[in-house]
Amino acid sequence: MTNEEKPLLSLRGVKRIYTSGDQKIEVLHGIDLDVHKGELVAIIGASGSGKSTLMNIIGCLDKPSEGEYLIDGVSIKTLHSDDLAALRRNYFGFIFQRYHLLSHLSAAGNVEIPAIYAGMGSSARQSSARALLERLGLGDKADHRPSQLSGGQQQRVSIARALINGGQVILADEPTGALDTKSGREVIRILKELNAAGHTVIIVTHDPGIASHAGRIIEIRDGNVIDDRINENMTDPLSPEDADSCQQDETPDLKLSAFGALSAAVSRFREAFKMAWIAMVSHRMRTLLTMLGIIIGIMAVVSVVALGKGASKKVTDNISAMGTNTISIFPGKDWGDVRANRIQSLSVYDLEALRNEIYVDSVTPSVNSNVVIYYKSEEASGQINGVSDQYNQVKGIKLAKGHFINRDHVRELAQVAVIDDNTRKKFFPQENPLGKIIILGKLPCVVIGVTEKEDSPFGNPDALKVYIPYTSAIYRVTGDNHLSSIVVRVKDGWSNAVAEQQITNFLTIRHNAKDIFTSSSDTILKTIQETTGTMTLLVSCIAVISLVVGGIGVMNIMLVSVTERTKEIGIRMAVGARKSDILQQFLIEAVLVCIIGGVLGILCSYMISMIFSYFVHSMSMVFSVFSIVAAVVCSTMIGVIFGYLPAKNAAKLDPIVALARE
Ligand code: ADP
Ligand code: MG
């Protein structure tokens, strides 16, 4: 102990004033103190005398309110909070009365924390941690949780943590305060060994018995140093061979320069990720509840979009099956013409004339009438559809049995009928309907064909439909030779718009007046697509609102989580975490919660679609890669946006205040 040497730690007139409300309490009243390299100092004093306050200042957990604190000649006043974190991490090793280990990490995991923040590579870190635990007699306890260790063992873990980055100056605040005599003696022995190995050690205690081990005893009373003496008769001096055994153990020195700053940052990020994961897994219930909002939100968005897409696809498919290149012609000026029922501007002659136009592929009228259908003793109400021989071509109808009405049937007003699948099921569940005679109202007809089952988006899917030649329908059933509509299939290569114009011109000239109007399936399709698009957008908006609500939920629970884990944050800061490390960890946690919530939401949505397809056969939910990617991106963003505030709150915490929280 050469006092001429420049002191390692030097306090000059250090005061610490706490302000609680508008009261100012001065706890340290101008402390002057020098500590030299290699000293073993005991700070002794009654409870409440200001020992911990002084120790926190020495360990850079706290700053003096007044006065100077110099470390190796550098005033800490000039240092940034990250520089102070670096000092805590690389220079000091703090040992607390209550160990302050993180309960969800193993002993080795706890020891590694300061090294993680220092950017040490993972294999070097793990072997260092294990070597230190081994050296402190805990080689077989490396994977135990703090709760599985005795107080003395926990304190040894915390000593290992103080040493992993070197721990040139070991600061022990009542290290034996919570221990039984035997474990306490063991801890003191270790501290003395470390001192012998070259570490500067400062022990705070209220126990003179412990202080008697130190080479120098500083006594504090009510915030003043009242005594500072060399302890001439140190008890239980370290035996030479003990000192040797310690000396040969090199303290692992910090090799940050060996790793690039970038790879250190990457490794820190990876560790933050791992820690976030461990924190999440060790609080499963809370994590799940946090996720719930996101799960529901994402599930709603993905399901709604998939339903919308499914509905839209269904309608589009139906219309495409019906033919996108058909044009319907109606009597009257436009939809909603009040005289439309009385207008008799579409006649069977128009139909024959249109048949020969070059842009026409096929054409059919539609003459509808509701009748009672009889077969043997059965009867049921159904719909007669008077059509041309080209109807199946226009509408794209396929026959399951027999053949369709032909040109001769039309010309001869034949009493033939093509029945649909519903009618077949009703009257001919077992027998072959072909050749049988059914009675449509009063008109007996021979069944010549059966159509395949069709699922039309329009009209009643269970209605019985019977197709007969339109001539038969007009002259034998309705007695009205005016048509309510004509449907034209446009030839390939002709655009609907052009054909529509041609038809309008053609019929206007024929009738000497524009007394018809047309409607193209193309336009209907577009309208429907637009409508479903709008619906999807609308419902998605609602779902997005639910996501925002979910995000606020995440923020809320993250804020609670930060409050709950204030102690953990304090410990991390005390062992050298930067503000950015804390920010990063909580942000990663929030994002992780949201992403996992998002993925679970997508899975739930898939499950819903499976249940949905079990009950609803006519349509299915359509998932797009886009909506899933969007959902994941969306949940990540929610994590970042709503996690930022809690993470920032966590990073803002004062280490001393955070540590004091139980
Ligand atoms: P010791 O460690 O010697 O028992 P402390 O340094 O913990 O004493 O506390 C010294 C005095 O400072 C005590 O009277 C205590 O009440 C007070 N004190 C400690 N921390 C705070 C604080 N954050 N705000 C107000 N007073 C405090
Ligand atoms: Mg104390």
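Ligands are counted one by one from 1 in listed order, and the atoms in each one are counted from 1 as well. What you see below is based on every heavy atom in this structure, not just the backbone, and it leaves out hydrogens, waters and symmetry mates. Since this is a predicted model, take the numbers as computed values, not measurements.
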Should G48 be listed as contacting ligand 1, given a heavy-atom distance under 4.0 Å as the test?
->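 Yes; G48 lies near enough to ligand 1 that a heavy-atom distance drops under 4.0 Å.
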
Could a heavy atom of G50 be found less than 4.0 Å from some atom of ligand 1?
-> yes

Which atoms of ligand 1 sit under 4.0 Å from any heavy atom of S47?
->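 Result: 4 (O).
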
Parallel, tilted or perpendicular: rings of F96 and F94 (30°, 60°) =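 Judged by the thresholds at 30° and 60°, the geometry between F94 and F96 is parallel.
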
Identified side chain to side chain contact (heavy atoms under 4.5 Å, CB included) counterpart of V225 within the set I43, L54, I31 =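 Going through I43, L54, I31 one by one, the side chain to side chain contact (heavy atoms under 4.5 Å, CB included) with V225 is satisfied by I31 alone.
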
Should the pair [X]-[Y] be classified as a salt bridge under the 4.0 Å nitrogen-to-oxygen rule?
X: K274; Y: E271; answer: yes
X: R130; Y: D143; answer: yes
X: R185; Y: D180; answer: no
X: K51; Y: D173; answer: no

Of the backbone and side-chain N, O or S atoms of Q97, does one lie nearer to the Mg ion (ligand 2) than 2.8 Å?
-> no

Shortest protein contact, [atom] (heavy atom only):
atom: atom 7 (O) of ligand 1; result: S52 CB, 3.6 Å
atom: atom 6 (O) of ligand 1; result: T53 OG1, 2.5 Å
atom: atom 19 (C) of ligand 1; result: Y18 CE1, 3.5 Å

A46 contact mode with ligand 1 (heavy-atom cut-off under 4.0 Å) | backbone

Would you say the side chain of I71 lies within less than 4.5 Å of the side chain of F92, judging by non-hydrogen atoms?
-> yes

Hey, looking at atom 12 (O) of ligand 1, which of L54, V27, V657 has the closest heavy atom?
->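 Among L54, V27, V657, the closest heavy atom to atom 12 (O) of ligand 1 belongs to V27.
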
